[in-house]
Amino acid sequence: MIEDTAESSPEVFDRNLQALCYQPDFKNVMGMVIGRFQKGSKMSREILEFIINNKPELARMPVLANVDYGHTTPILTIPLGGYAILDNDNLVIQK
């Protein structure tokens, strides 16, 4: 699960996401959930799809984006350290 802030731009998000993909343990990531971007970030669906589609590391996993959690309104906090099932076919995250 990742998110970004309003101060970010698509270029910064792209760079940060690539840095995450370069981490040695990223090979253990089985899916990705991306929080909804704030309007100030200037992220669009088209730009986000371009970024995701140009990361070969993400091609092997489900990616669910525009999920309403994090620094958006309404604020939803998701606890870390648990396990979940990412159901990309039905666009849900199950506990």
Do I47 and F13 have side chains that approach each other closer than 4.5 Å (heavy atoms only, starting at C-beta)? no
Can you measure from CD (E3) to OG (S8) and round to the nearest 0.5 angstrom? 11.0 Å
I'd like to check the salt bridge (charged side-chain N to carboxylate O under 4.0 Å, His left out) partners of R60; sequence neighbours left out, ordered by chain and number. none
Rounded distance [0.5 Å steps], CG in D14 versus CD1 in I51: 4.5 Å
If you define the side chain from C-beta out and look only at heavy atoms, does anything of Y22 sit under 4.5 Å from Q18? yes
Path from V12 to L20 over hydrophobic side-chain contacts below 4.5 Å: no
Of all heavy-atom pairs between P10 and S41, which one has the smallest distance, and what is that distance? CD-O, 3.2 Å
Show which side-chain atoms of residues 27-35 pair as donor or acceptor with protein atoms under 3.5 Å away, not counting sequence neighbours.
residue: K27; atom: NZ; partner: P24; partner atom: O; Å: 3.1

Say you draw a straight line from CG of L17 to CG of N54; how long is it, rounded to the nearest 0.5 Å? 11.0 Å
Is a salt bridge present between R45 and E49, judged by a nitrogen-to-oxygen distance below 4.0 Å? yes
For F26, does the CZ atom have more than 12 heavy-atom neighbours from other residues, nucleotides or ligands under 6.0 Å away? yes
